[in-house]
Amino acid sequence: MKIDGTYTFNAPRDRVWQVLLDPKIIAQCIPGCESMNEVAPDQYEANMKVGIASVKGNYKGKVSIKDKLAPSHYVLSGEGSGGPGFMQGDVAIDLEESDGKTLLKYSTDAKIGGLIASVGQRMLNGVAKMMVEQFFKKMESFV
């Protein structure tokens with residue numbers, strides 16, 4: 001499942017970079033995230049509660065931040081599994097500053113399996129896009 005898009009923050013790139021890499025803020029912004037604890041530098045364990053259509057469940061997973069090129073690029077890598085199935089993917093994040101605003105470009109290729117995959121590709125794409133938008137809108141309140 002490929003998802004890509006953009007989001008514009010009304011803040012300078014350095015500030016957006018700091019917020020996007022703050023684990024306490026990330027945990028507050030991920031829809032369904034119940035906890036996120038650092039286990040090593042740039043590596044975290046997370047618990048999430050996610051529901052798509054009639055398929056709902058708890059997931060335990062790992063999140064890591066890789067390939068950092070401050071303040072313009074990094075990769076957020078995640079994987080999780082639970083009763084309804086599994087999810088795994090990397091999200092490439094690129095930041096460009098223009099006139100005091102920051103354009104964020106994201107691109108991911110996620111893998112989803114198990115019962116949750118039975119929901120259907122179109123519905124999963126729609127829900128994933130909606131969750132990404134919720135994440136960035138919540139992030140906006142911290143910049």
Side-chain angles (χ1 to χ4, degrees), residues 1-39 42-99 101-143:
M1 175 171 67
K2 292 185 184 291
I3 302 170
D4 56 14
T6 62
Y7 192 89
T8 301
F9 289 93
N10 193 19
R13 181 169 65 172
D14 288 340
R15 177 65 187 144
V16 173
W17 176 263
Q18 289 172 355
V19 169
L20 287 173
L21 294 176
D22 185 320
K24 290 181 179 126
I25 294 174
I26 293 170
Q28 291 178 59
C29 295
I30 295 173
C33 185
E34 296 184 327
S35 68
M36 192 164 120
N37 301 308
E38 188 169 20
V39 293
D42 290 336
Q43 295 183 359
Y44 309 90
E45 287 183 345
N47 288 312
M48 294 179 62
K49 188 178 279 186
V50 179
I52 300 173
S54 62
V55 181
K56 295 174 177 34
N58 294 320
Y59 292 86
K60 289 188 180 206
K62 295 180 180 169
V63 177
S64 59
I65 298 167
K66 310 184 295 190
D67 303 335
K68 284 197 286 190
L69 298 169
S72 61
H73 173 83
Y74 72 97
V75 174
L76 191 61
S77 180
E79 61 182 62
S81 61
F86 72 89
M87 296 180 236
Q88 186 275 325
D90 291 343
V91 181
I93 308 257
D94 291 290
L95 302 173
E96 297 172 12
E97 186 170 354
S98 177
D99 297 324
K101 295 183 179 183
T102 302
L103 175 66
L104 179 146
K105 296 178 183 176
Y106 63 90
S107 175
T108 185
D109 189 6
K111 295 173 182 64
I112 297 172
L115 181 60
I116 199 161
S118 70
V119 169
Q121 190 72 23
R122 245 168 68 198
M123 182 176 272
L124 285 174
N125 272 346
V127 169
K129 271 277 219 206
M130 181 186 71
M131 289 177 74
V132 168
E133 279 295 312
Q134 287 175 355
F135 175 80
F136 290 130
K137 279 187 173 136
K138 186 86 183 230
M139 276 282 174
E140 181 82 44
S141 67
F142 290 97
V143 294

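Residue numbers run from 1 in the order of the sequence given.
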Check your understanding: Do any N or O atoms from the side chain of Arg15 and from the backbone of Phe142 form a donor-acceptor pair under 3.5 angstrom?
Key -> yes
Exercise for review: Taking all non-hydrogen atoms of both residues into account, name the closest pair between Lys49 and Glu34 and its distance.
Suggested key: CE-OE2, 3.5 Å
Review point. So which heavy atom on Cys33 is nearest to which on Ala27, and how close?
Key: CB-O, 3.5 Å
Exercise for review: State whether the side chain of Asp99 and the backbone N or O of Lys101 hold a donor-acceptor pair below 3.5 Å, judged by distance alone.
Suggested key: no
Check your understanding: Just wondering, are more than 12 heavy atoms of other shown residues or ligands nearer than 6.0 Å to NZ in Lys129?
Key -> yes
Could you list the donor-acceptor pairs under 3.5 angstrom formed by side chains in residues 72-85, with sequence neighbours left out?
unit_1: Ser72; atom_1: OG; unit_2: Leu69; atom_2: O; d: 3.2
unit_1: His73; atom_1: ND1; unit_2: Ile93; atom_2: O; d: 3.3
unit_1: His73; atom_1: ND1; unit_2: Asp94; atom_2: OD1; d: 2.7
unit_1: Ser77; atom_1: OG; unit_2: Asp90; atom_2: OD1; d: 2.6

Review point. Under the salt bridge (Lys or Arg N to Asp or Glu O under 4.0 Å) test, which residues partner Glu140, sequence neighbours left out?
Key: none
Point to revise | Separation between NZ of Lys66 and CD of Gln43, rounded to the nearest 0.5 Å | key: 10.0 Å
Review point. Okay, side chain of Ser107, backbone of Asp4: is any donor-acceptor separation there less than 3.5 Å?
Key: no
**Study point:** Closest contact, heavy atoms only, Pro23 versus Tyr44
**Key:** CB-CE2, 3.4 Å
Check your understanding: Rounded to the nearest 0.5 Å, how far does OH of Tyr106 lie from CZ of Phe135?
Key -> 11.0 Å
Revision key, fill the gap. When rounded to the nearest 0.5 Å, the distance separating CD of Gln134 from CD1 of Ile30 is 12.0 Å
Exercise for review: Report the C-alpha separation of Val143 and Thr102 in whole Å, then their side-chain angles, then the decisive distance to 0.1 Å, and conclude whether the side chain to side chain contact (heavy atoms under 4.5 Å, CB included) test is met.
Suggested key: CA-CA 11 Å; Val143 294; Thr102 302; over 6 Å; no
Check your understanding: Looking only at heavy atoms, which two atoms of Arg13 and Leu95 are closest? And how far apart?
Key -> NH1-O, 3.2 Å
